[in-house]
Amino acid sequence: MKQPQTSRRSFLALAALTPFAVAATSACGTSGPGTASGGGGASMWYLSGEPNETTMKKAVEAFNSANPDNKIEVTYFQNDAYKTKIKTAIGAGQAPTIIYGWGGGTLKTYAEANQVEDLTAWFEENKDLKEKFFPSSFGAATVNGKIYALPNQYVAPIVLFYNKELFEKAGAQPPKTWDDVMSLVKTFNDMGVAPFSLGGQSRWTSMMWLEYLLDRIGGHEVFNAIFEGKPNSWLDPAVIETGTKIQELVSAEGFIKGFSSITADSNADQALLFTGKAAMMLHGTWTYGGMKKNGQNFVQNGKLGFVQFPTVPGGKGNPKNGVGNPAQYMSISTKATEQEKESAKKFFKDGILTETVIDTYINSGSVPIVNGIENKLDKSEDKEFLNFVYDLAKNAPNFQQSWDQALSPTAAEALLNNIDQLFLKSITPQQFAENMNATLGK
């Protein structure tokens, strides 16, 4: 699965945290990829970059101090390097004890190859731990009805951001329906403002539009059938209608001119919103922290608005459904020793999403996947946004994982290539559906 954007996949575009005064967790010293030194602990590979690296170092240091016989040793990698290295290591039977990942299609390949532990029975024995997390966070951790990963970190749904100042100038309200969307396109184009910012060169940013539109038009069952590999599931009429609506939006100049050359890595799409060059932006909630940090007080002055994705008249999807990233995930290698596996499980139970870690994520502008944190969110200066995200994620009847994470790596790359062509109108919606249908089972 090609996931080149660290700002999305590891959510590193959040506001910087106050650094912890902690000793660096060991990045070396393991006696092998799957073995912690001394044999009494467990090894883990994790992503570098803030806020996650510092947060994990703090969590591991606290756990190791309390559990000297079950120490976790961590090696940190940059996002792209990690994705290459972990696949190679797992294939060679040399994975670390704890495998960090994104769930979905990649986890499915590991589970079906018996490379990661089945944790279903363990979660049954530790129901209090399972009940701590959002129920929706387990979907991407589950393969054929069995749980193969521990959800962790925070939820990051896709939402519709908008510039309140521009909407006030236009005398307009944020869209509630697709008809509203198309009406606002004309309104803002007439004002000389791009209706929507889009970092189209990154491709996955365009994918967000298809994810929500397909859900609103056909309901979550359409993509579930695709994920399950059911015959001709990409040829569902809802897929064709989704592509048609996208190309209508492109033709109406709904996106900033030159969107296909704008990257999300540079955060140029966010800048278009907070500088007033674009009125709206469909994006992940991880961009909130970045806009707060770099947006010239755009967030602090109350100019950033956010709403759920609009409904589509006649659509079958529940308007409360969400899409995006329900969590991040940690699995246990089947090649680890029993002692290493027990250390990993102890860390899962006592070291992940402690009160300190929960507070750290909230302070960074994100929502941990933990039930019952309303009081903590209410104390934050970002409480309006955090409560919005919390309610969306906690109450979503269905939370669809991002498609390029849910699908197999082969299908995901084909998807991104075809989405790019769909938005550039070099293929028709029918061709898009047919091209993707050919990936089923791959």
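Just so it is clear, the structure is predicted and the values come from calculations on it, not from any experiment. We're numbering straight along the sequence, starting at 1. Keep in mind that the numbers below use all heavy atoms, side chains included, and drop hydrogens, waters and symmetry copies.
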Sole residue of Phe227, Phe223, Trp204 in ring-ring contact (aromatic ring centres under 6.0 Å, His included) with Trp403:
Phe223

Set of residues satisfying ring pair (Phe, Tyr, Trp, His ring centres under 6.0 Å) with respect to Phe306, sequence neighbours excluded
Phe385, Phe388

Is any NZ, NE, NH1 or NH2 atom of the basic residue among Asp128 and Lys132 found under 4.0 Å from an Asp or Glu carboxylate oxygen of the other?
no

When rounded to the nearest 0.5 Å, the distance separating CE of Met281 from OG1 of Thr205 is 10.5 Å

Does either side chain, that of Asn437 or that of Asn232, offer a donor lying less than 3.5 Å from an acceptor on the other one?
yes

Show your reasoning for whether salt bridge (Lys or Arg N to Asp or Glu O under 4.0 Å) applies to Glu413 and Lys442.
CA-CA 11 Å; Glu413 184 60 26; Lys442 294 182 180 181; over 6 Å; no

Are Val312 and Thr177 close enough that some pair of their side-chain heavy atoms sits under 4.5 Å apart?
no

Return the set of residues passing ring pair (Phe, Tyr, Trp, His ring centres under 6.0 Å) with Phe347 (not counting sequence neighbours), or none when no residue passes.
Phe63

Can you establish whether the number of heavy atoms outside Gln173 located under 6.0 Å from its atom CD is more than 12?
no

With a 3.5 Å cut-off and sequence neighbours excluded, list the donor-acceptor pairs that the side chains of residues 242-254 form with protein atoms.
residue, atom, partner, partner atom, Å
Thr242, OG1, Ala238, O, 2.8
Thr244, OG1, Ile240, O, 2.9
Lys245, NZ, Glu241, OE2, 3.3
Gln247, NE2, Leu422, O, 2.9
Gln247, NE2, Ile427, O, 2.8
Ser251, OG, Gln247, O, 2.9
Ser251, OG, Lys425, NZ, 2.9

Smallest heavy-atom separation, Ser233 atom then Ile226 atom, equals OG-CA, 3.3 Å

Could you tell me the separation between the CG atom of Asn52 and the OG atom of Ser364, rounded to the nearest 0.5 Å?
8.0 Å

Candidate pair Arg203 and Asp404, rule salt bridge (Lys or Arg N to Asp or Glu O under 4.0 Å), full reasoning
CA-CA 10 Å; Arg203 302 184 302 173; Asp404 60 343; over 6 Å; no

Could you tell me whether the side chains of Arg216 and Asn321 share a donor-acceptor contact shorter than 3.5 Å?
no

Under the criterion side-chain contact (heavy atoms from CB on, under 4.5 Å), I'd like the reasoning laid out for Asp269 against Leu198: C-alpha separation, chi angles, the key distance, then a yes or no.
CA-CA 6 Å; Asp269 47 0; Leu198 179 65; over 6 Å; no

Do Asn152 and Tyr329 meet the criterion of a side-chain donor-acceptor pair at a distance under 3.5 Å?
no

Verdict with reasoning, Phe161 to Val307, per side-chain contact (heavy atoms from CB on, under 4.5 Å):
CA-CA 7 Å; Phe161 292 103; Val307 293; over 6 Å; no

State whether a side-chain donor-acceptor pair under 3.5 Å links Asn371 with Lys394.
no

Quick check: do Ile352 and Met330 have side-chain heavy atoms less than 4.5 Å from each other?
yes

Does the side chain of Thr109 come under 3.5 Å of the side chain of Thr106 through a donor N or O and an acceptor N or O?
no

Hey, could you give me the OG1/CG distance between Thr55 and Asn363, rounded to the nearest 0.5 Å?
10.0 Å

Starting from the C-alpha separation in whole Å, work towards a yes-or-no answer on salt bridge (Lys or Arg N to Asp or Glu O under 4.0 Å) for Asp180 and Lys176.
CA-CA 6 Å; Asp180 293 341; Lys176 293 182 179 180; over 6 Å; no

Considering all heavy atoms of both residues, which atom of Leu407 and which atom of Ala412 are nearest to each other, and what is their separation?
CB-N, 4.2 Å

Flag side-chain contact, heavy atom, 4.5 Å: Ile369 against Leu353
yes

More than 12 heavy atoms of other residues, nucleotides or ligands under 6.0 Å from CD of Gln430: is that the case?
yes

Would you compute the distance between atom CG of Asp215 and atom CG of Asn398 and round it to the nearest 0.5 angstrom?
6.5 Å

Does the pair Gln405 and Asn325 meet the rule for a side-chain hydrogen bond (donor to acceptor under 3.5 Å, both in side chains), with working shown?
CA-CA 9 Å; Gln405 294 175 349; Asn325 300 288; 3.1 Å; yes

When you check the gap from the basic side-chain N to the acidic O, do Lys57 and Glu53 get nearer than 4.0 Å?
yes

With sequence neighbours left out, write down each residue that passes ring pair (Phe, Tyr, Trp, His ring centres under 6.0 Å) with Tyr148, or none if nothing qualifies.
none

Cationic N near anionic O, under 4.0 Å, Glu221 to Lys316:
no

Just wondering, do Ser260 and Gln201 contact through their side chains at under 4.5 Å, heavy atoms?
no

Gap between atom OG of Ser426 and atom CZ of Phe432 - 0.5 Å precision:
12.0 Å

Is it true that Thr354 and Thr356 share a donor-acceptor pair across their side chains at a distance under 3.5 Å?
no

Taking the cut-offs as 6.0 angstrom to the six-membered ring centre and 45 degrees off its axis, would you call Lys87 and Tyr110 a cation-pi pair?
no

Taking the side chain as everything from C-beta on, heavy atoms only, tell me whether Gln300 gets closer than 4.5 Å to Glu381.
no

If you define the side chain from C-beta out and look only at heavy atoms, does anything of Phe134 sit under 4.5 Å from Phe399?
no

Exactly one of Phe423, Tyr162, Phe259, Trp209 clears ring-ring contact (aromatic ring centres under 6.0 Å, His included) with Phe196, and that residue is Trp209

Take atom NZ in Lys383; do more than 12 heavy atoms of anything else shown fall under 6.0 Å from it?
no

Please name all residues satisfying side-chain contact (heavy atoms from CB on, under 4.5 Å) with Asn301, sequence neighbours left out, ordered by chain then number.
Asn297, Lys303

So does Glu112 pair up with Lys108, basic N to acidic O under 4.0 Å?
yes

With Tyr82, which residues qualify under side-chain contact (heavy atoms from CB on, under 4.5 Å), at least two apart?
Trp45, Leu47, Phe77, Ile86, Ile99, Tyr100, Trp102

Minimum side-chain heavy-atom gap Tyr154-Val357 below 4.5 Å:
no

Quick check: are there more than 12 heavy atoms from other residues, nucleotides or ligands sitting under 6.0 Å from NZ of Lys85?
no

Do Met280 and Leu184 come close enough that some side-chain heavy atom pair is under 4.5 Å?
yes

